[in-house]
Enquirer: 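Shown below is the structure under consideration.
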Amino acid sequence: MSIVTFEKPVPKVAEPDWYYKITELKESCDEHRRHAFVLGNESRRLRNDTDVTTYWGTHRTNSKIFDRRIEITRWKNLIELGYKNLQKEIKNLKIEKEKTEKFIEFLNLNFTVTNHCLSIRDERGGADLCHDIASIELKNEQHTLEKLKNLLVGICQIAWEKINKLEELEINVAEDLDKKNNTINIDSELLEMTKDSNNISLKPDPLRVTKDFNTYEKWLQQCINMKQTIENELINSTKLRETLFVPQNKTINDLLAQNDKVNYGLRRRIYDTERIKNELEWQKWNMLTDKDKFLKEIEKLENALYRKLNPKMLVETRCEERLYRAGVEMCLDKTTIGLHKEQFDLDNTIKMLNDKLNKTKALHNILIEQINILDEQLKNKTHALDVDQKCLQYRVQLNGRSCS
C-alpha cells in the first residue's frame, strides 16, 4: 500500500531566488552599518561643534549684557544729574512765583471797571450793538490790562504751569530712573547666572515678543529726548525766572492814558448817539406827517371807488335791459357800442383805482413799519445813551489812580 504525503498549499521559492535574497540581505546589512558609522562620526562632530557654539554664544551674550548694563548706567547717571538740577529749579521757580504774586492785587479794580463797562454796553440792542470807538478803546484798555496782567498775573500763571510741567517731568524722570535701575539689577542678576545655577528652568515661550517691545533705536532716541527735554525745560525755566522781575517795575501810565482814551471815546459816542437820536426823531415826525397824508389819500381813493359803483350798476343794467329787444331791433347799434365802451371804461377806471388804492395801502403799511423801526431805533438809542453815561460815571473811580 502506497504512502500518501501532503504539502502546504503555498508556492515554493526556487533555490536561485533563495540565494538572491540571502545576498540582498547581506548587502542591506553592510549598507546600514556604513550609514551607522557615518552617522556616529557626524554625531560626535556635531556634539563638539554645538558645545563650542553654546560656550561662545553664552560668552557673547554675557559680553552684550555687560556692555548693555554699562550703557544704561551711563544714561542713568546723565539723567540722574538732570533730575537733581530739575528738583533745584522747581524749588527756585516756586520762590520767584511767590515773590511775583504780591504785585497782582492793584489791577483788580481796573479789570472790574473795564469788564463791567463792556458787560453793560452789551445790553445795547439793534444796530447800536456795534464796535464803536468806545468799544474799541475799551477793548484796547482791556488789551493793555492784559499786557500788564501777563507781566504779573499772566507770568505768574505761566510760572505755575511751568512748575506743574516741571513736576510732571520730574515724575516721568523718576519713573524712567526706576526703570533703568530695575533693568540694571536684572542685567546684574543675569550676569551672575550660569548653566549650573539653581534658579534656571525651561520656559513655555521664551522668544515671545510683547506689544510693548521697543527697538534699540527707539530706546536710544527716548533717552536722548529725555535728556534734551530736561535741558530745554531747565533753560526755559531759567529764562522764565528772569522775566519774573519785569512786572515788578511796570508803571500804570499806560492804563491812565488808555483811561483818558476810553473816556473820550464814551463822550464821543454819547455825542454821536444824541445827534443820531435827534435825526431819527425828526425823521419820525416827517414819517408821521406822511402817514397821515396817506391815510387821507386812502379815504379819498375809497370814496372815489365807492362813487363808481352806481355808474357801474347803471351801465350794466342798461346793457342787460337792451338784451330784451325783439326781432330786428336786436342789433349792434351805436347805443350798444357806446354802452359797451362805457362799461369797459368804468372797469378800467375801477381797476386803476383799486391798483392805486392797494399801492397806497401797501406804502401806508410800509410807513407804519418804518415808524415802528424808528421807534425801536429811538428806544435803542435812548438805552445806549443811558448805558454810555453809566459807563462814564462808573469810570470816575479810575481817575488819578496809580499803581501805589
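Sequence positions, counted from 1, serve as the residue numbers for this chain.
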Enquirer: Is the closest basic N to carboxylate O distance between K64 and E71 below 4.0 Å?
Expert: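 No, this pair does not count.
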Enquirer: Considering only NZ, NE, NH1 and NH2 on the basic side and carboxylate oxygens on the acidic side, decide whether E281 and K284 come within less than 4.0 Å.
Expert: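 K284 and E281: not salt-bridged.
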Enquirer: Does a side-chain N-to-carboxylate-O contact under 4.0 Å join E233 and K162?
Expert: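 Yes, charged N to carboxylate O under 4.0 Å.
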Enquirer: Is there a donor in the side chain of N232 and an acceptor in the side chain of Q228, or the other way round, less than 3.5 Å apart?
Expert: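 There is such a pair between these side chains.
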Enquirer: Between the main-chain N or O of T73 and the side-chain N or O of N77, is there a donor-acceptor pair closer than 3.5 Å?
Expert: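 Side chain of N77 to backbone of T73: a pair is present.
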Enquirer: So, taking the atom named CD1 in I230 and the one named OH in Y83, what distance separates them when rounded to the nearest 0.5 Å?
Expert: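 The CD1 atom of I230 sits 10.0 Å away from the OH atom of Y83.
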Enquirer: Under 4.0 Å between a Lys/Arg side-chain N and an Asp/Glu carboxylate O for K94 and E98?
Expert: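 Not counted as a salt bridge, because no side-chain N and carboxylate O are separated by less than 4.0 Å.
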Enquirer: Should K195 and T58 count as side-chain neighbours, where that means a heavy-atom distance under 4.5 Å?
Expert: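 A side-chain contact is absent here, since even the closest heavy-atom pair is not under 4.5 Å.
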Enquirer: With side-chain contact (heavy atoms from CB on, under 4.5 Å) as the test, would you mind laying out the steps for K261 and N140 before giving the verdict?
Expert: CA-CA 9 Å; K261 291 181 179 180; N140 290 337; over 6 Å; no
Enquirer: Are the side chains of K21 and L25 in touch, meaning some heavy atoms are under 4.5 Å apart?
Expert: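 K21 vs L25: side chains apart.
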Enquirer: Test of understanding: with side-chain hydrogen bond (donor to acceptor under 3.5 Å, both in side chains), list the residues that count as partners of R47, not counting sequence neighbours.
Expert: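 Scan of R47 (side-chain hydrogen bond (donor to acceptor under 3.5 Å, both in side chains), adjacent residues dropped) gives none.
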Enquirer: Starting from the C-alpha separation in whole Å, work towards a yes-or-no answer on salt bridge (Lys or Arg N to Asp or Glu O under 4.0 Å) for E302 and K361.
Expert: CA-CA 11 Å; E302 288 177 346; K361 287 182 178 180; 3.5 Å; yes
Enquirer: So with a 6.0 Å cut-off around CZ of R33, is the heavy-atom count from everything else above 12?
Expert: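 No - once you tally the heavy atoms of other residues, nucleotides and ligands closer than 6.0 Å, there are 12 at most.
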Enquirer: May I ask you to decide whether D30 forms a salt bridge with K26, counting only side-chain N to carboxylate O separations under 4.0 Å?
Expert: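 No, no charged N to carboxylate O under 4.0 Å.
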Enquirer: Which heavy atom of V173 sits nearest to which heavy atom of I79, and what is that distance?
Expert: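 Between these two residues, the closest heavy atoms are CG1-CG2, 3.6 Å.
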Enquirer: Which label fits Y55 and H59: parallel for a plane angle under 30°, tilted from 30 to 60°, or perpendicular past 60°?
Expert: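 Y55 vs H59 ring planes: parallel.
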Enquirer: Could you tell me the separation between the CG atom of L266 and the OG1 atom of T273, rounded to the nearest 0.5 Å?
Expert: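 Spacing of CG (L266) from OG1 (T273) equals 10.0 Å.
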Enquirer: When you look at N92 and K88, which way does the side-chain contact (heavy atoms from CB on, under 4.5 Å) test go after all the steps?
Expert: CA-CA 6 Å; N92 293 335; K88 182 179 179 181; 3.9 Å; yes
Enquirer: Is it true that a side-chain atom of N182 and a backbone atom of D178 form a donor plus acceptor pair closer than 3.5 Å?
Expert: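 Flag not set: sc N182 to bb D178 has no pair under 3.5 Å.
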Enquirer: Do E141 and R395 sit within salt-bridge range, that is, some charged N less than 4.0 Å from a carboxylate O?
Expert: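 Here E141 pairs with R395 in a salt bridge, since their nearest N and O are under 4.0 Å apart.
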Enquirer: Does E175 pair with K179 as a salt bridge, N-O distance under 4.0 Å?
Expert: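 Salt bridge flag = yes for K179 with E175.
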Enquirer: Please check if the side chain of T23 supplies one atom and the backbone of Y19 the other of a donor-acceptor pair under 3.5 Å.
Expert: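 Yes, because the side chain of T23 sits within donor-acceptor range (under 3.5 Å) of the backbone of Y19.
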Enquirer: Distance-only, no hydrogens or angles: does the S197 side chain make a donor-acceptor pair with backbone N or O of I200 under 3.5 Å?
Expert: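 The answer is no, because no donor-acceptor pair under 3.5 Å joins these two groups.
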Enquirer: Using a 4.5 Å cut-off on heavy atoms from C-beta on, say whether the side chain of E31 contacts that of R34.
Expert: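 Yes, side chains in contact.
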Enquirer: Between E217 and Q221, is a side-chain hydrogen bond (donor to acceptor under 3.5 Å, both in side chains) present by the stated rule, with each step listed?
Expert: CA-CA 6 Å; E217 291 76 11; Q221 188 62 43; over 6 Å; no
Enquirer: Mind checking the CD-CD1 spacing from E189 to I184? Nearest 0.5 Å is all I need.
Expert: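 CD1 of I184 is found 12.5 Å from CD of E189.
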Enquirer: Considering only NZ, NE, NH1 and NH2 on the basic side and carboxylate oxygens on the acidic side, decide whether E101 and K97 come within less than 4.0 Å.
Expert: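 Judged by the 4.0 Å cut-off on N to carboxylate O distance, E101 and K97 do form a salt bridge.
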Enquirer: Report yes or no: is the cationic atom of R69 (NZ for Lys, CZ for Arg) closer than 6.0 Å to the six-membered ring centre of W75, at no more than 45° off its axis?
Expert: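 Cation-pi check for R69 and W75: fails.
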Enquirer: Hey, could you give me the CD1/CG distance between I90 and L93, rounded to the nearest 0.5 Å?
Expert: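 Output value for this atom pair is 8.5 Å.
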Enquirer: Looking just at side-chain N and O atoms, do Q389 and Q393 make a donor-acceptor pair shorter than 3.5 Å?
Expert: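 There is no such pair (donor and acceptor under 3.5 Å, judged by atom type) between the side chains of Q389 and Q393.
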Enquirer: Given W56 and R60, is the side-chain contact (heavy atoms from CB on, under 4.5 Å) satisfied, shown in steps?
Expert: CA-CA 6 Å; W56 285 108; R60 286 192 297 270; 3.7 Å; yes
Enquirer: Is any side-chain N of the basic residue among D187 and R68 closer than 4.0 Å to the acidic one's carboxylate O?
Expert: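 Between R68 and D187 there is no salt bridge, as every charged N stays at least 4.0 Å from the carboxylate O atoms.
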Enquirer: Check whether any side-chain heavy atom of T215 sits under 4.5 Å from a side-chain heavy atom of K218, and report yes or no.
Expert: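 Yes, side chains in contact.
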Enquirer: Take Q222 and D176, measure what side-chain hydrogen bond (donor to acceptor under 3.5 Å, both in side chains) needs, and give me the verdict at the end.
Expert: CA-CA 10 Å; Q222 287 178 347; D176 185 75; over 6 Å; no
Enquirer: For E369, I'd like to know if atom CD has over 12 heavy atoms of other residues, nucleotides or ligands within 6.0 Å.
Expert: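 Not more than 12 within 6.0 Å, no.
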Enquirer: Just wondering, are more than 12 heavy atoms of other shown residues or ligands nearer than 6.0 Å to CG in N198?
Expert: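 Not buried by this count: 12 neighbours or fewer within 6.0 Å.
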Enquirer: Test salt bridge (Lys or Arg N to Asp or Glu O under 4.0 Å) on K296 and D292 and set out the steps.
Expert: CA-CA 6 Å; K296 293 178 180 180; D292 294 338; over 6 Å; no
Enquirer: With heavy-atom distances below 4.5 Å as the criterion, would you say the side chains of L191 and F66 are in contact?
Expert: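 In short, these two side chains touch, coming nearer than 4.5 Å.
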Enquirer: Answer yes or no: is there a side-chain heavy-atom contact under 4.5 Å between K381 and L385?
Expert: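 Heavy-atom side-chain distance check fails, nothing below 4.5 Å.
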Enquirer: Look at K312 together with D347 and state whether they make a salt bridge at an N to O cut-off of under 4.0 Å.
Expert: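 So K312 pairs with D347 through a salt bridge.
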Enquirer: Look at the side chain of T229 and the backbone N and O of N225, then say whether any donor-acceptor pair between them is shorter than 3.5 Å.
Expert: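 A pair under 3.5 Å: yes.
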Enquirer: Considering residues at least two apart in sequence or located in another chain, which fulfil the ring pair (Phe, Tyr, Trp, His ring centres under 6.0 Å) criterion with W282?
Expert: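 Result, ring pair (Phe, Tyr, Trp, His ring centres under 6.0 Å) vs W282: none returned.
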Enquirer: Just wondering, more than 12 heavy atoms not from K227 lying within 6.0 Å of its NZ?
Expert: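 Open.
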Enquirer: Answer yes or no: is there a side-chain heavy-atom contact under 4.5 Å between L240 and I155?
Expert: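 With C-beta onward as the side chain, the pair touches.
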Enquirer: State, to 0.1 Å, how close D388 and R269 come at their nearest heavy-atom pair, and which atoms those are.
Expert: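 Looks like OD2-CG, 3.3 Å.
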Enquirer: So that I can tick it off, tell me whether E80 and K180 are bridged by a salt bridge, with the cut-off set at under 4.0 angstrom between side-chain N and carboxylate O.
Expert: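 Answer for the salt bridge query: no.
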Enquirer: Could you check T349, N354, D355, N348 and say which one makes a side-chain hydrogen bond (donor to acceptor under 3.5 Å, both in side chains) with K351?
Expert: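 Only match with K351 under side-chain hydrogen bond (donor to acceptor under 3.5 Å, both in side chains): D355.
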Enquirer: Would you give the length of the straight line joining atom CG of N85 to atom CD of E231, rounded to the nearest 0.5 angstrom?
Expert: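 Reported to 0.5 Å precision, the distance equals 9.5 Å.
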Enquirer: Yes or no on side-chain contact (heavy atoms from CB on, under 4.5 Å) for D272 and R268, after CA distance, side-chain angles and deciding distance?
Expert: CA-CA 6 Å; D272 291 339; R268 174 67 181 273; 3.3 Å; yes
Enquirer: Answer with yes or no whether the side chains of S237 and K239 bring together a donor and an acceptor at under 3.5 Å.
Expert: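 Short answer, no.
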Enquirer: Evaluate the side-chain proximity of K84 to E89: yes if any heavy-atom separation is below 4.5 Å, no if none is.
Expert: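 No, their side chains stay 4.5 Å or more apart.
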Enquirer: Hey, what do you get for CG (L346) to NZ (K341), rounding to the nearest 0.5 Å?
Expert: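 The CG atom of L346 sits 10.5 Å away from the NZ atom of K341.
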Enquirer: Tell me if the OH atom of Y394 is crowded by more than 12 foreign heavy atoms within 6.0 Å.
Expert: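 Counting other residues, nucleotides and ligands, OH of Y394 exceeds 12 neighbours.
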Enquirer: Could you go through the salt bridge (Lys or Arg N to Asp or Glu O under 4.0 Å) check for E168 and K165 one step at a time?
Expert: CA-CA 5 Å; E168 182 180 358; K165 189 173 182 180; over 6 Å; no
Enquirer: Just wondering, more than 12 heavy atoms not from W285 lying within 6.0 Å of its CH2?
Expert: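 At most 12 heavy atoms, drawn from other residues, nucleotides or ligands, come within 6.0 Å of this atom.
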